[in-house]
Amino acid sequence: MAVLKLRLLSMATALCWLLLAAACATAPPQNVENICAIFKEKSGWYKDARKSEKKWGTPVHVQMAIIRQESSFRFDARPPRRKLLGFIPWTRPSNAYGYAQVLDSTWKWYQDEAGSLFSNRDDFGDAIDFVGWYTSVTQRTLGVSKWDPYNQYLAYHEGHTGWKKKTYNNKRWLREVARKVDYRAKEWGAQLKRCEKDLDDGWWLF
């Protein structure tokens, strides 16, 4: 009986550690305002971001600034529910989901063109690869530079057709958000130059 209790206790302890590890792996970074702090806490994210940059050409700091704005690095982020009668939780305005807040239809497009059936919006590596892919499509189809966080974010939010129609001109709040993304991306680009050598040990990135 004592041996059985000991085995059950060991199994319970192992399960607790597994659950704790899973929670830590998916929890947002403690400091979402500093790109060096983010990558030091989430070292695997740096590898994913650099791979996406190499593959699609969009700078790490631009990709990360978009994800920061979309989800604050929450893997299961969704748009807040509408309120019925002002206080009853109701439907969501869209089916956007995950780190990059991607719509079902847009994610399907990515899976067909660049990802795979196994790509998930709540996986950081897949999400940042999506952002790299989408911004590269934006550059190819609209001529927006991958180094232009302001217009890249407007095209990301409004879609390529919306950007062509300049729907953002009627959305002052969105232009203000895009300016915030632009400022953060440039600030993070400067931060990254100061910590890149510490983050990059060279051999596993490529």
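The figures here come from the full heavy-atom set of this structure, side chains too, leaving out hydrogens, waters and symmetry mates.
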**Message:** Between Lys146 and Trp56 (side chain of the first, backbone of the second, donor and acceptor by atom type, cut-off under 3.5 Å), is there such a pair?
**Reply:** yes
**Message:** Is a donor from one side chain sitting under 3.5 angstrom from an acceptor on the other, for Gln139 and Ser145?
**Reply:** no
**Message:** Would you compute the distance between atom CZ of Phe75 and atom CG of Asp122 and round it to the nearest 0.5 angstrom?
**Reply:** 6.5 Å
**Asked** Can you say whether the rings of Phe124 and Trp45 are parallel (under 30°), tilted (30 to 60°) or perpendicular (over 60°)?
**Response** parallel
**Message:** Distance check, rounded to the nearest 0.5 Å: Asn151 atom CG versus Thr135 atom OG1?
**Reply:** 13.0 Å
**Donor-acceptor side-chain pairing of Asn34 and Asn31 below 3.5 angstrom** = no
**Item:** Arg175 side-chain N/O to Tyr168 backbone N/O, donor-acceptor pair under 3.5 Å
**Value:** yes
**Message:** Does atom CD (Gln30) have a neighbourhood of more than 12 heavy atoms from anything else shown, all under 6.0 Å?
**Reply:** no
**Asked** Are Leu174 and Leu103 joined in one hydrophobic group, where the rule is that I, L, V, M, F, W and Y side chains link up if heavy atoms are under 4.5 Å apart?
**Response** no
**Request:** For Arg184 and Val181, indicate whether the former's side chain and the latter's backbone hold a donor-acceptor pair under 3.5 Å.
**Result:** no
**Prompt:** With a 3.5 Å cut-off and no angle check, do the side chains of Glu158 and Thr167 form a donor-acceptor pair?
**Reply:** yes
**Asked** Hey, are Asp126 and Asn120 close enough side-chain-wise for a donor-acceptor pair under 3.5 Å?
**Response** no
**Prompt:** Please, which pairs that meet ring pair (Phe, Tyr, Trp, His ring centres under 6.0 Å) have at least one residue in residues 173-199, sequence neighbours excluded?
**Reply:** His157-Trp173
**Sidechain-backbone polar pair: Gln191 side chain, Ile35 backbone, donor-acceptor under 3.5 Å** = yes
**Message:** If we ignore hydrogens and angles and just use 3.5 Å, is the side chain of Thr106 paired with the main-chain N or O of Val102 as donor and acceptor?
**Reply:** no
**Asked** Taking side chain as C-beta onward, heavy atoms only, is Val177 less than 4.5 Å from Tyr153?
**Response** yes
**Message:** I'd like to know whether the aromatic ring centres of Tyr134 and Tyr156 sit less than 6.0 Å apart in this structure.
**Reply:** yes
**Request:** Would you confirm whether Gln101, through its side chain, and Ala77, through its main-chain N or O, come within 3.5 Å as a donor-acceptor pair?
**Result:** yes
**Request:** Please test Gln63 against Ser52 for side-chain hydrogen bond (donor to acceptor under 3.5 Å, both in side chains), starting from the C-alpha separation and ending with a verdict.
**Result:** CA-CA 9 Å; Gln63 298 180 72; Ser52 180; 2.6 Å; yes
**Item:** Validation row: Phe39, Glu196 side chains within 4.5 angstrom (heavy atoms)
**Value:** no
**Item:** Ser72 side chain to Arg68 side chain, donor-acceptor N/O pair below 3.5 angstrom
**Value:** yes
**Prompt:** Val131, Trp147: one ILVMFWY side-chain cluster at the under-4.5 Å cut-off?
**Reply:** no
**Item:** Spacing of NZ belonging to Lys193 relative to SG belonging to Cys195, to within rounding of 0.5 Å
**Value:** 12.0 Å
**Prompt:** Distance only, no hydrogens: is a donor on one side chain within 3.5 Å (strictly under) of an acceptor on the other, for Tyr99 and Asp123?
**Reply:** no
